[in-house]
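Reading through the structure tokens given below for one structure.
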There are 2 protein chains.
Amino acid sequence: MLCHMNGIMFYPLLEEAGDFINSSVRGKKLIICIGLFSVEYLGRSSSNLGLGERVLMVKEDGSVLVHRRVGYEPVNWQPAGCIIRCGVRDGKLLLLSERRRPKEFLKVVFDKVYLITSTSLVDEARFEIGPVENEFYDLLMAHPEYIEEGLRIVSRQKSMPSGIPDFTGKDSKGNYVIIEVKRSMAGVDSVKQLDRYMKSQRGHFRGILCAPSITKSALLILKKKGYDFRRLNLKALSSLVAFKPYEETLDRHLEEGGS
Amino acid sequence: MLCHMNGIMFYPLLEEAGDFINSSVRGKKLIICIGLFSVEYLGRSSSNLGLGERVLMVKEDGSVLVHRRVGYEPVNWQPAGCIIRCGVRDGKLLLLSERRRPKEFLKVVFDKVYLITSTSLVDEARFEIGPVENEFYDLLMAHPEYIEEGLRIVSRQKSMPSGIPDFTGKDSKGNYVIIEVKRSMAGVDSVKQLDRYMKSQRGHFRGILCAPSITKSALLILKKKGYDFRRLNLKALSSLVAFKPYEETLDRHLEEGGS
DNA sequence: GCCTAGGTCCCGTAT
DNA sequence: ATACGGGGCCTAGGC
């Protein structure tokens, strides 16, 4: 019907909506449903929500969200991994979501379905936290204290794997240092990379691996080789990013009165 | 168009979608939009999400949710109280959500809008939640038989970790007992807590850990230390309050194994 | 306004 | 499997 859409129905009969949901669940689609329904929850706690108009979202991984008119948080939910069952009973459309451990149940009872749609979303993008690539190294270049207090950057390698370390520098005691930076958790491979750089150098160098976190095994090898781990505070680093571009975009819109 | 619906559009031009969003925001409607877009966030932290098909929800209180194919949690969001601005810029539809305190920005950049709908949800129902914290202990205080038949409560500790057990009491045989209560599955930490209370007492006391369930390892340690586990029947306990979440419908449905 | 505690927290990693 | 810590946690209540 629509590109990437499985379909959409307006004011379906409850039987139709039930079939639609069941086939969408089987087809691993994301379901969005606006309707008049009540909700019961039973598990670690229990809750009851009377009849009202809300939005129900069911994802392909079995997660369920019930959203009311307002509020960031869903009023009722079920995390991923639940089993969804759906069907008409006593003139109402029932959707039951069961979680195995801990044992929890979410029951949605529809009086009316206004709109229901299911889609297969294509979304391969990686979610990156912290400043983006370029910005990231620029920030560290400008603020080496986020790697280590008293550090001065001497050289920087822009492009990727080339046998040249991300940074070289001089620490507060005058030692030359080779720095390997990771934007996410460092593993054994990160240590190996640093180690390659270190071995390709002559003279005395300190080796620093700088990342938001590090696996136990990687830290073990790192220590054994006599290198240092420096924890990188992504959140603090993010705070260095200027708000300006955002504010400008917003301002421009305001001046021009929206679209 | 639809009952309670402000409208719906399929494959609108970005300009049309922008106008639609702006009028919906002004009209305090809930907006759901399925499209191809990227997301940037900047504030307490920062994040970047490349192009992909997702669901955007904007509520009348200014809360914003971006949901991907899977996962209970929104990949990006903005809590209630944000200012929404929207318009076309450089051939893309931009939606900016600004939070004042803390200063945070969420930027959604649409390449395509597949479906957009806005609705005024009528929902006056009260959300009732089952026994929570205080209420829970109130119930047990009033009905110690749900911990153990013949038990009488002697003392109760309201506030949290203080070296004082949840309850002390006297059992049907006249033994003094120390009772640690958990609302959800008890773990090793629960046993440790009970153990601390027991060791800080002089004289002969029975130790009782009372919870809906207990982990294998915790039960092992508990037994080894000579304490008792008492299964707490949440269902029965809940039936004591005005709101009865464990009513027939859900149970019946479960017994019958769904539709 | 700031701070604290609770949550059906959820979600990851380590054990 | 369970235990533990972090989160842009969010939210409500206290001061």
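The sequence lines fix the lettering, A, B, ..., with proteins before strands; numbering per chain opens at 1. Atoms considered below: every heavy atom in the structure, side chains included; atoms not considered: hydrogens, waters and symmetry mates.
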For A:Asn233 and D:dG7, what is the distance between atoms CG and P respectively, to the nearest whole Å? 9 Å
Using atom P in both nucleotides, what's the gap between C:dT8 and C:dT4 to the nearest angstrom? 22 Å
Could you tell me how far apart B:Leu219 (CG) and D:dA3 (P) are, to the nearest whole angstrom? 12 Å
With heavy atoms under 4.0 Å as the rule, sort A:Thr215 into base, sugar-phosphate or nothing. sugar-phosphate
For D:dA3, does OP1 or OP2 lie under 4.0 Å from any side-chain N or O of B:Lys192? no
Take atom NZ in A:Lys28; do more than 12 heavy atoms of anything else shown fall under 6.0 Å from it? no
Once you apply the 3.5 Å cut-off to both distances, tell me the Watson-Crick or G-U wobble partner of D:dG8, or none. none
At what distance, to the nearest 0.5 angstrom, does CD of A:Gln78 lie from CD1 of A:Ile84? 7.5 Å
Rounded to whole Å, how long is the line connecting atom NZ of A:Lys216 with atom P of D:dC4? 13 Å
Starting at atom CZ of A:Phe127, determine the distance to atom P of C:dC10, rounded to an integer number of angstrom. 19 Å
Between A:Asp111 and A:Lys92, which heavy-atom pair has the shortest distance, and what is it? OD1-NZ, 2.6 Å
Please work out whether the ring planes of A:Trp77 and B:Tyr72 are parallel, tilted or perpendicular, with thresholds of 30° and 60°. tilted
Listing time: all N or O pairs from protein to nucleotides 10-12 of chain D that are below 3.5 Å?
{"residue": "D:dC10", "atom": "OP1", "partner": "B:Arg44", "partner atom": "NH2", "Å": "3.1"}
{"residue": "D:dC10", "atom": "OP1", "partner": "B:Trp77", "partner atom": "NE1", "Å": "2.9"}
{"residue": "D:dC10", "atom": "OP2", "partner": "B:Arg44", "partner atom": "NH1", "Å": "3.0"}
{"residue": "D:dC10", "atom": "OP2", "partner": "B:Arg44", "partner atom": "NH2", "Å": "3.4"}
{"residue": "D:dT11", "atom": "OP1", "partner": "A:Tyr72", "partner atom": "N", "Å": "3.4"}

Whole-Å gap separating C1' (C:dA14) and CG (A:Leu220): 14 Å
Nucleotide C:dC10, atom P - distance to CD of A:Gln78 in whole Å: 9 Å
Can you tell me the distance, in whole Å, between the CZ atom of B:Arg100 and the C1' atom of D:dG8? 18 Å
Is the closest side-chain donor-acceptor distance between B:Lys29 and B:Ser120 under 3.5 Å? yes
Could you walk me through whether A:Val109 and A:Arg89 pass side-chain contact (heavy atoms from CB on, under 4.5 Å), step by step? CA-CA 9 Å; A:Val109 185; A:Arg89 187 173 292 277; over 6 Å; no
Qualifying residue for side chain to side chain contact (heavy atoms under 4.5 Å, CB included) with A:Arg54, from A:Leu49, A:Asn76, A:Leu36, A:Ile34: A:Leu49
With a cut-off of less than 4.0 Å, is there a side-chain N or O of A:Lys103 near OP1 or OP2 of C:dT8? no
Specify the separation, in whole Å, of atom CD1 of A:Ile129 and atom P of D:dG6. 15 Å
